[in-house]
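Atoms within a ligand are numbered from 1 in the order they appear, just like the ligands themselves. We number each residue from 1, following the sequence as shown. Not measured: the values here are computed from a predicted model. These numbers come from the heavy atoms of this one structure, side chains and all, not from hydrogens, waters or symmetry mates.
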Amino acid sequence: MSFRLHLPLCFFFILPLLVLSATPALNDDVLGLIVFKADLEDPDSKLASWNEDDDTPCNWFGVKCDPNSDRVSELALDGLSLSGKLGRGVLQLQNLQTLSLSRNNFSGFLIAELLRLESLRSVDLSHNSFSGSIPDGFFSQCGSLRFLSIANNRISGEIPSNVSSCSTLATLNLSSNQLSGALPSGIWSLSDLRSLDLSGNAIAGEIPAGIGRMFNFRSVNLRGNQLSGNLPEDIGDSLLLKDIDVGGNMLVGSLPSSLQRLSMCSYLGLGSNSFSGELPDWIGEMTNLQTLDLSRNQFLGQIPGSIGRLQALEGLNLSENNFTGRLPESMASCTNLLDLDLSHNFLTGNLQQWIFLLRLRKIKVTENKLSGFIQIPAASSSTITVLDLSRNTFSGNIPKEISAIQSLQFLNLSSNRISGTIPLALGELKAVEVIDLSGNQLIGNIPFEIEGALSLKELILSKNSISGEIPGKISSCASLTLLDLSQNNLTGSIPPSLANLTNLQNVDLSLNKLTGSLPKQLGDLPHLLSFNISYNNFSGDLPAGNFFNTISFSSISDNPDLCGAAVNRSCPAFLPKPIVLNPNSSSTSTPSSTSALPTENYHHKKIVFSISALVAIAAAAIIILGVITISIINLGVKTSASHSAAAMAVTDDYLRQSPTTDSSSGKLVMFSRNDPEFCAGAHALLNKDCELGRGGFGAVYKTMLQDGRPVAIKKLTVSSVVKSQQDFELEVKKLGKLQHPNLVTLEGYYWTSSLQLIIYEYVSGGSLYNLLHESSKSKTLSWQERFDIILGTAKSLAYLHQHGVIHYNLKSSNVMLDDSGEPKVGDYGLAKLLPMLDRYVLSSKIQSALGYMAPEFASRTLVISEKCDVYGFGVLALEIVTGSKPVEYAEDDVIVLCDVVRGLLDLDRVEDCMDAKLCGKFPMEETIPVIKLALICTSQVPSSRPEMTEVVNILELIRFPQGTSEEELS
Ligand SMILES: *[C@@H]1O[C@H](CO)[C@@H](O)[C@H](O)[C@H]1NC(C)=O
Ligand SMILES: *[C@@H]1O[C@H](CO)[C@@H](O)[C@H](O)[C@H]1NC(C)=O
Ligand SMILES: *[C@@H]1O[C@H](CO)[C@@H](O)[C@H](O)[C@H]1NC(C)=O
């Protein structure tokens, strides 16, 4: 401590000796400033011009000299990022009048002797980091000091009582420090004081008596302390007082009547105390008042009519008191009023018209007992930015004249008894940022015209009886962050355009009657913090995305048809077990999902059932329609037969004979066939007995062409194809061009908007699924036959991929066998007929393909490519080799074929998984490579799976190892 004190002193004495010889004209000021600088950090080198070799500092930055004496009179170094202590060098500046060091980062203690410099008139040390208490002798010799500010530092302790010695002070600002203790009574003997600011400290106790002696007082600010007791009775004797702010203390009692003498007073801030009693009539005498803040006190009674005399009044804040009665009509003459806050009182009566006719900016009357209709004159002031009428008992409609207030930014009419509909005029409020109409009795729709409110950030319409749908056009309100429509009677689904509101943070749609699935794009909303859709009738899966991945259960509860992990109810689209498992793990243990399985299973069955129920219900209608339509087709086709590609439109004329109301025309197209006519006709086509099977896209029936050749006809389920006729034809024609010995040929199609048929080559031998798994079938496949099927299937897929077609739906029931045992793959490419090639739809359409579905169907990030077929092929190959289904459900476990095989392969016990029907007749040198190939095909990561052409090549190598060729062997 002593060392630190001595160091500058040593410097101070040595320095003159060093420089004396060089610059004989050296004066105390240069020395003092160099020492002053030596205590500082000057990061921006602002004091670079301060050179100790100079004769005089008068040209140094921030320094001014008295022209007569050439001595430093002013040091002004405000806002230069200087740090360090205010050192004693400054005491050397004997003629200093002004010291201004505000807005730097000076720290350390105040120098006790600072104010003793006799010439000092103004010291500004505000906005620094000075700390410690005010030194004892600080105020003892103030010379002729007029201005002192130490505001915004960290000074603590009490205000020394000898502050009264600084009798020349006109301005004393000690605000925003940590001063405590009582206000010294001597403070009121500073009779020259014009301005006292002690706000933002922790000064306690009563305001000492004697303030009335302050005849020069213009401004007193004691806001934000812990002062108690009354406002001194004699305050009104300081007749020149303009600004009085004692807000934010603990003052009590009623207003001293002497205040009425302060006719110069323009600011009276008494808010946030415990003043009580009535607002006296004499308040009207304070005719210069511009701001009257009585908020947060205990005032009661009526607002006196004399307040109308305050014609200079700009801000009136009477909020959070116990005022009662009506607003005095006289206030209409407060023509300069800008901000009116009467909220949280017990005011009654109507909203008076003058409120809208003055040039007010803010009108706040929330939480009173105001009532009656809200009448907004068409001539309303368009200066109003805030209109808060919430929590009263206003009734009637929202007047459409509200659109006259074009400047409105904040509109709160919540918690009243307002009825009727939401006026379209709200959309004309281009500047409005917040609209809160919640807790009323509004009915009708949300008008789409709200799209016009382009600045809207918060729209709160909760707790009304609003019905209809959420208008999609709300997406025009691009700044929207909060949308609360909860507790209404809204129906319909969430418009996908909502996802365009990328600023959305909080959405509450709970307690409505909304339906449908949630638009997936919602998952992309980047700033979402809450999204409550509980108590609605939403269905389907939740969107994926950062927020939705962690959405709380309470936000989505009570939507009976919602599914997904968050509601603990699986979606039919997701096959948790086979997909979630790590394929690279050889373990067959299933730790994570066994508990969830019973419900999965149950749900799966339920969905299947409901689809067949639907089919049954639809059947009656469709059979009638179908019989007639097909007869008509026959009729039509006969007349224009013998074309190699016969195209026939069934016109309205034909359909007029139809008892159905379907008036659309149908069109039959056959590719490359001489005789396209159906022979056995319609009854066979849709006869249940002729049904060959049904899949995700519809049922398949067998029927005959006129030449006796059988064809298979797939009737697409109506809901699966919503594409336009043009798109449909384009896709089917593309598939019709495909010709491969291992593909079921697509021979033609028939299209109406309500019925779509695809005509396929009929393959006699039944499906691979039946051969492998139906125990009633006596024929068992030999290893050679199995290998042929695997190879043939691989070739067909390689061919499809070469022609840019993804199968999407490979499974054993889609592999048909002809008489010679050659596999023919069917059902390829149909997913493209769906309106959207959408993972959700895809996976729910193909839900029967349990176990064949590649994991990327469930992943939101991986792209679905041909590699999904490679995965399906791998599973199919294992199924063919082992005779087991890809996924089997045991008592309380799921057995995933790939995992079982992989595990046995690791244990060198592959033969254990081979189909028992092979009776051990298989060559290990073929089996093991085929199994290994199949397992590679079922890699979780799509890029790790081989191409189908590679698969074909490998399979051919397995059968015909290097060095031999097919010819040689056969
Ligand atoms: C003001 O009203 C509140 C709430 O009704 C009440 O608790 C309080 O006592 C009232 N104050 C006075 C001074 O009447
Ligand atoms: C919601 O609509 C239904 C049917 O339109 C009606 O019966 C019900 O009262 C409405 N509920 C509310 C809260 O408005
Ligand atoms: C969302 O915004 C994009 C780009 O502005 C626009 O193309 C698209 O039509 C909008 N979507 C909806 C549903 O409004």
Problem - Euclidean distance, Asn440 CG relative to Ser395 OG, rounded to 0.5 Å - result: 10.5 Å
Exercise for the section: To the nearest 0.5 angstrom, please state how far the CD1 atom of Ile150 sits from the CG atom of Leu125. Expected result: 6.0 Å
Problem - Heavy-atom nearest neighbour in the protein, as seen from atom 14 (O) of ligand 1, with distance rounded to 0.1 Å - result: Asn322 ND2, 3.2 Å
Problem - For Leu300, the ligand 1 atoms whose distance to one of its heavy atoms is below 4.0 Å - result: 13 (C), 14 (O)
Exercise for the section: For atom 13 (C) of ligand 1, grab the closest protein heavy atom and report residue, atom and distance to one decimal in Å. Expected result: Gln298 OE1, 3.4 Å
Handout entry: Asp192/Arg146 salt bridge by N-O under 4.0 Å criterion
Key = yes
Handout entry: Flag: protein heavy atom within less than 4.0 Å of atom 9 (O) of ligand 1
Key = no
Completion exercise
d(Ile460 CD1, Ser438 OG) to nearest 0.5 Å is 6.0 Å
Practice task
Rounded to the nearest 0.5 Å, what's the gap from OG on Ser272 to CD on Glu320? Could you check?
Solution key: 7.5 Å
Practice task
Check each heavy atom of Phe346 against ligand 1 and say whether those closer than 4.0 Å belong to the side chain, the backbone, both or neither.
Solution key: side chain
